[in-house]
Amino acid sequence: AQRVTQPEKLLSVFKGAPVELKCNYSYSGSPELFWYVQYSRQRLQLLLRHISRESIKGFTADLNKGETSFHLKKPFAQEEDSAMYYCALSGRSGGYQKVTFGTGTKLQVIP
Amino acid sequence: DVKVTQSSRYLVKRTGEKVFLECVQDMDHENMFWYRQDPGLGLRLIYFSYDVKMKEKGDIPEGYSVSREKKERFSLILESASTNQTSMYLCASSLARVNTEAFFGQGTRLTVV
């Protein structure tokens, strides 16, 4: 079974402060991990994926297989970062590729 | 530009009604998914389909069924709607390959009264 855990429902930070959204996973194989974001009144969209190892809107995420984590980080939060963030894992389940999402963390950036 | 379109943005139905939620994608994606999104519970997979007429149960299939008669269309059916099915429903599609992005529809807010 595959599982994604996001321990924080809400994370409030001040503008300019560092941000870290936590994500831990459980999966027996080699995981494919993603961060999705949903801004207010917009559809859910991909933010970044671990395979790309890129920075999007200043966000980065490193896969740590030893700690089974894929935390999302940004050094300086901006007001427009306020949104709902979901960590997701894509893995084989019953012969098919299945995507499992975490419960989400609401990021609130205080001006 | 990938488009995943859900037929309704808001729906209000009565308990016991049969409800159809429709989703269409225009990028020839093999995989299609139905999730429900609830505060504090995140996105939970109801059903997914990896090909026409093929379907697999997700994590919470009870009370739901699906239909995929054409590659671009994936329907979610509530056989007899109940109040605990009041939720936001999200449809998504993706290619059938590793590390592929899922594209989401705008969501359907269903209220069962």
Side-chain angles (χ1 to χ4, degrees), chain A residues 1-10 21-25 27 29-54 56 61 63 70 83-106, chain B residues 1-6 8-10 23-25 27 29-51 54-61 66 68 74 87-109:
Chain A
Q2 55 193 64
R3 178 173 288 183
V4 177
T5 302
Q6 293 179 254
E8 303 138 328
K9 288 187 177 180
L10 173 66
L21 300 172
K22 290 184 167 45
C23 173
N24 288 89
Y25 67 90
Y27 183 61
S30 185
E32 301 163 19
L33 288 153
F34 306 81
W35 277 99
Y36 283 82
V37 61
Q38 189 170 31
Y39 302 102
S40 179
R41 287 186 288 278
Q42 293 188 27
R43 62 184 68 196
L44 197 62
Q45 58 187 291
L46 179 69
L47 179 62
L48 54 79
R49 67 192 89 191
H50 90 269
I51 198 74
S52 303
R53 303 178 71 82
E54 57 192 345
I56 304 291
L63 175 60
F70 188 56
M84 195 74 182
Y85 291 81
Y86 292 93
C87 183
L89 182 153
S90 178
R92 300 290 286 181
S93 176
Y96 309 107
Q97 206 72 14
K98 178 182 169 184
V99 182
T100 299
F101 285 83
T103 51
T105 299
K106 183 175 182 179
Chain B
D1 197 22
V2 176
K3 287 273 175 54
V4 179
T5 304
Q6 296 181 228
S8 304
R9 194 69 193 266
Y10 300 96
C23 175
V24 177
Q25 50 95 3
M27 284 302 291
H29 285 172
E30 295 87 1
N31 296 338
M32 295 190 75
F33 309 85
W34 275 106
Y35 292 90
R36 62 177 283 176
Q37 183 182 32
D38 299 288
L41 297 177
L43 272 71
R44 293 180 292 166
L45 181 64
I46 305 171
Y47 268 97
F48 65 101
S49 169
Y50 51 92
D51 201 352
M54 306 303 283
K55 61 186 179 185
E56 288 292 326
K57 291 180 180 179
D59 299 316
I60 52 164
V66 290
R68 192 158 179 211
F74 192 36
S87 185
M88 173 68 84
Y89 290 87
L90 299 182
C91 174
S93 71
S94 73
L95 291 167
R97 61 176 73 147
V98 295
N99 277 305
T100 186
E101 174 184 358
F103 293 87
F104 284 83
Q106 77 277 27
T108 296
R109 170 75 64 186

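Proteins come first, then strands; the chains are lettered A, B, ... in the order of their sequence lines, and each starts at number 1. Since the model is a prediction, treat every value here as computed from it, not as a measurement.
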- Is the shortest side-chain N to carboxylate O distance from A:R3 to B:D59 below 4.0 Å? no

- Distance-only, no hydrogens or angles: does the A:Y36 side chain make a donor-acceptor pair with backbone N or O of B:A102 under 3.5 Å? yes

- CG-CD distance between A:L47 and B:E101, expressed to the nearest 0.5 angstrom: 10.5 Å

- When rounded to the nearest 0.5 Å, the distance separating CD of A:Q38 from CD of B:Q37 is 4.5 Å

So for [X], is it side chain, backbone, both, or neither that comes closer than 4.5 Å to the heavy atoms of chain A?
X      : value
B:T100 : backbone
B:Q106 : both
B:L45  : side chain

- Given a strict heavy-atom distance threshold of 4.5 Å, which part of A:K106 is in contact with chain B: side chain, backbone, both, or neither? neither

- Message: If I compare all heavy atoms of A:V99 with all of B:Y35, which pair ends up nearest, and what's the gap?
- Response: O-OH, 3.1 Å

